[in-house]
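Some notes on the structure that comes next.
Residue numbers start from 1 in every chain, and the chains themselves are labelled A, B, ... in the order their sequence lines are given, proteins ahead of strands.
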Number of protein chains: 2
Amino acid sequence: MVTKTIDKTSRMPAYAQMADILRASISQGQHPPGSRLPAESALAKAYGVSAMTARQAVSVLEEEGLVRRVQGSGTYVRKVGVAASNFGLESLGSVFADQDNLQVRIVKASVKKTPGVEKEVLGLQPNQPVIVVERIILHQGEPFTLHISYTNFDPTSPTVESMLDTVVLTGLIFQEGYSNFKRGALRLMPALLDAREAKLLGMPEGEPVFKLEHLFYDFDNRPTAFGWFLVSHEKMPLLSKVGVWDE
Amino acid sequence: MVTKTIDKTSRMPAYAQMADILRASISQGQHPPGSRLPAESALAKAYGVSAMTARQAVSVLEEEGLVRRVQGSGTYVRKVGVAASNFGLESLGSVFADQDNLQVRIVKASVKKTPGVEKEVLGLQPNQPVIVVERIILHQGEPFTLHISYTNFDPTSPTVESMLDTVVLTGLIFQEGYSNFKRGALRLMPALLDAREAKLLGMPEGEPVFKLEHLFYDFDNRPTAFGWFLVSHEKMPLLSKVGVWDE
DNA sequence: AAGTGGTCTAGACCACAAA
DNA sequence: TTGTGGTCTAGACCACTTG
C-alpha cells in the first residue's frame, strides 16, 4: 500500500512530503478521478504521523483543487475540467512591482462637470465634478497599459495633485505604497481598441484587448476610484493550470 | 482591546467567530493596511482559545487575501490593489452544471488531414489526421458558447462517437461525468467574432468576446484535447472582489 | 451504529526575523 | 536574545453521511 515513506529528519515538513506522495499516487492513477481517498485516520496510521498532520497533507491537495472533502463521507479526487480554472493577475502585479522600469505619462487630466455614467457609479449627482485622468504606463520603455480613472473632486480630501499621484497610482496600482481603500470590485472584459487608444498604446486599431474595470471604496464605504485598464493579452497573459502538474 | 467575545456554545466554530471579529476590526480601521496584527499567541490568550484555534482563525483571513503571514516577523494587513484579484470560472461551471437546460448542436464534425497548428499542439506529425468538432452549446434555448475542439484520431482509443460525446463533452466540459484527463492548461484571451461565429452565436459581427483556450492531457501525459470556447462576457461575467466585503 | 471529516486542546519544539 | 509564525503530537469530542 505505502510505496514511499516519510523522512522525519528531512527539512521538508512531514505534511509536505505526504502531500507529494499522495499527489504522485493520484498522478500515477492509483486514485482515479472520482474515487475516494483513504480516510485521514488510515493515512495517518499508514505513514506514521498524527491525524492532524495527515489532515494538513490532504489540505494541501484540497487547496490545489485536486481533491474535494465531504464531511461524513470522505475525500474524493476531483475530475479535471475547464470550470475548475482560476486566473490571477500575477503578470500585472509583477510589472507594477518592477518600479525601476516603469514610467507614467499623463495623457489627459481634467475636471469633468457634465453628466456621465461614472458619476452614477461613484454615487454623485449629475452636476458634481469628477477628476478624469488618463495615463499611459510604460514598462521598459514600451507602452504597457492605458489607464482611465474617475475620482470624486472633493475639496475636503487631499489636493488634486496627491489624488492623482498618491492615491490612484501608489495605492490602487502599486500595492506597496500608501493605500486608502477598504475594498474593491473588479470586472474583466474583452474590448476593442479605438483609433486613439491604439495610437497611444502603439497597437493596431480594432485589436482585441483586455479591459479591467475597477471600483474601489474608501474606509467610509464611499466609492472613490472608478476606471479601467486597457492591456494587451500578450503583455498580461492569463494562464491557468488544472489537475496534477508536478510529480 | 477585546470588544467581542467568542460564544463557545454557538454552533459556529470558535475559529470562524474569531475570524469574523478580526475581519470586522480590520474593516473598521483598527488594523489599517500595512499594520501588524497581534501575535497569534496574544490573540489566543485574548480570546481564550488555544494557539491552534487562533492560528486557524488567522488562516481564514489569509485565504481571503486580507492578511499576509511572514515567519518570524508577524501577520500584516494587506493593501488593497488591482493585482490581488483572482477570476474564477464559476459562472461557466454553473451553466454546465445545469444540464437539464442544456442542448448541444454539432455544427461541424470532420477529420482533418492537412497540416495545422493544432497538430503541433497535440504533438502529431503534419500528416496525421485529427478530429475537428464544432459545437454550439445552448443554455435555456439561447446560444451560450461556441466550442471548437481538436482531438487525435487514434484508432486504438474508443470510437470516434465516444470521443466526441463522452470524452470531450462529458469529461472536459461537464465535470460530473467520466473524465480521462490528468491535467489541463488554459489561456484566456480577448477575441473578435467573425461573420460565421457571430451568426452561430446570434451576436453582432466584430463583437469582442472571451476566447478560452484549453489543452488537456491524458494519464499518459499525451496532449489529447485542444480547442477553445468563444463566449460573451455578459454570459460569462468575470468578477473579483478584493478587501473586506462582509462585516 | 460505524465511519468519515471538522473542531479543539495543551502542550512541545523548530525556523526565521529583528533588535 | 526574544518574539514571531510553522510544524507536530496524542489525544478528545462533535457533525455529518451511509448502511
Side-chain angles (χ1 to χ4, degrees), chain A residues 1-2 4-23 26 31 34-78 176, chain B residues 1-2 4-23 26 31 34-78 176:
Chain A
M1 189 77 178
V2 174
K4 282 189 68 175
T5 57
I6 291 173
D7 174 13
K8 296 205 176 185
T9 70
S10 163
R11 269 78 77 208
M12 180 178 272
Y15 79 88
Q17 294 182 49
M18 199 166 160
D20 285 350
I21 293 171
L22 292 174
R23 193 186 302 105
I26 290 173
H31 304 290
S35 69
R36 203 180 72 179
L37 241 52
E40 293 175 359
S41 57
L43 290 173
K45 191 179 284 184
Y47 290 94
V49 298
S50 77
M52 282 292 269
T53 302
R55 179 169 182 73
Q56 202 174 351
V58 176
S59 296
V60 171
L61 303 187
E62 187 182 33
E63 275 156 39
E64 290 173 357
L66 250 52
V67 301
R68 187 179 81 249
R69 280 192 170 113
V70 183
Q71 177 168 170
S73 175
T75 302
Y76 300 86
V77 178
R78 271 191 197 275
E176 286 319 303
Chain B
M1 191 76 178
V2 175
K4 282 188 69 174
T5 57
I6 291 171
D7 174 13
K8 297 207 175 181
T9 70
S10 164
R11 269 78 77 210
M12 180 178 272
Y15 79 88
Q17 294 183 49
M18 200 166 158
D20 285 349
I21 294 171
L22 292 174
R23 193 186 302 104
I26 290 173
H31 304 291
S35 68
R36 203 181 72 181
L37 242 52
E40 291 175 1
S41 56
L43 289 173
K45 191 180 284 186
Y47 290 94
V49 298
S50 78
M52 283 291 270
T53 302
R55 181 169 180 74
Q56 202 175 351
V58 176
S59 295
V60 172
L61 304 187
E62 186 184 32
E63 275 156 40
E64 290 173 357
L66 250 52
V67 302
R68 188 179 82 248
R69 280 192 169 114
V70 183
Q71 178 169 171
S73 174
T75 302
Y76 300 85
V77 178
R78 272 192 198 273
E176 287 319 303

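Judged by closest nucleotide on DNA chain C, B:Ala16 is the one of A:Arg11 and B:Ala16 placed further toward the 5' end. When each of A:Ala14 and B:Thr75 is assigned the nucleotide of DNA chain D bearing its nearest heavy atom, the one mapping closer to the 5' terminus is B:Thr75.
For the pair A:Met12/A:Asp20, a side-chain contact is recorded, criterion being any heavy-atom separation below 4.5 Å from C-beta on. Within the 4.5 Å cutoff, side-chain heavy atoms of A:Ile26 are placed close to those of A:Val67. With contacts defined as side-chain heavy-atom distances shorter than 4.5 Å, the pair B:Arg78/B:Leu66 does not qualify. Contact annotation: the side chain of B:Tyr15 never approaches that of B:Val58 to less than 4.5 Å [non-hydrogen atoms, C-beta and beyond]. You'll find the side chain of A:Pro38 reaches within 4.5 Å of the side chain of A:His31, heavy atoms only.
A:Thr53 pairs by the side chain to side chain donor-acceptor pair (under 3.5 Å) definition with A:Ser50, not counting sequence neighbours. A:Ser59 pairs by the side chain to side chain donor-acceptor pair (under 3.5 Å) definition with A:Arg69, not counting sequence neighbours. The salt bridge (charged side-chain N to carboxylate O under 4.0 Å, His left out) test applied to B:Glu64 returns B:Arg23, not counting sequence neighbours.
Within a heavy-atom distance below 4.0 Å of DNA chain C, the residues of residues 52-63 of chain B found are B:Met52, B:Thr53, B:Gln56.
Among the heavy atoms of the strands, none lies under 4.0 Å from B:Ala51.
When each of B:Leu43, B:Leu37, B:Val70, B:Leu22 is paired with B:Thr75, the side chain to side chain contact (heavy atoms under 4.5 Å, CB included) condition holds for B:Leu37 and for no other.
Here chain B contacts DNA chain C (any atom closer than 4.0 Å to a heavy atom, that is under 4.0 Å), and the contacts span C:dT7 to C:dA17 from 5' to 3'.
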Using nucleotides 17-19 of chain D, report all nitrogen or oxygen pairs with the protein that are shorter than 3.5 Å.
unit_1, atom_1, unit_2, atom_2, d
D:dT17, O4', A:Gly72, O, 3.4

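In this structure, the side chain of A:Glu40 does not engage the main chain of A:Ala51 through any donor-acceptor pair within 3.5 Å.
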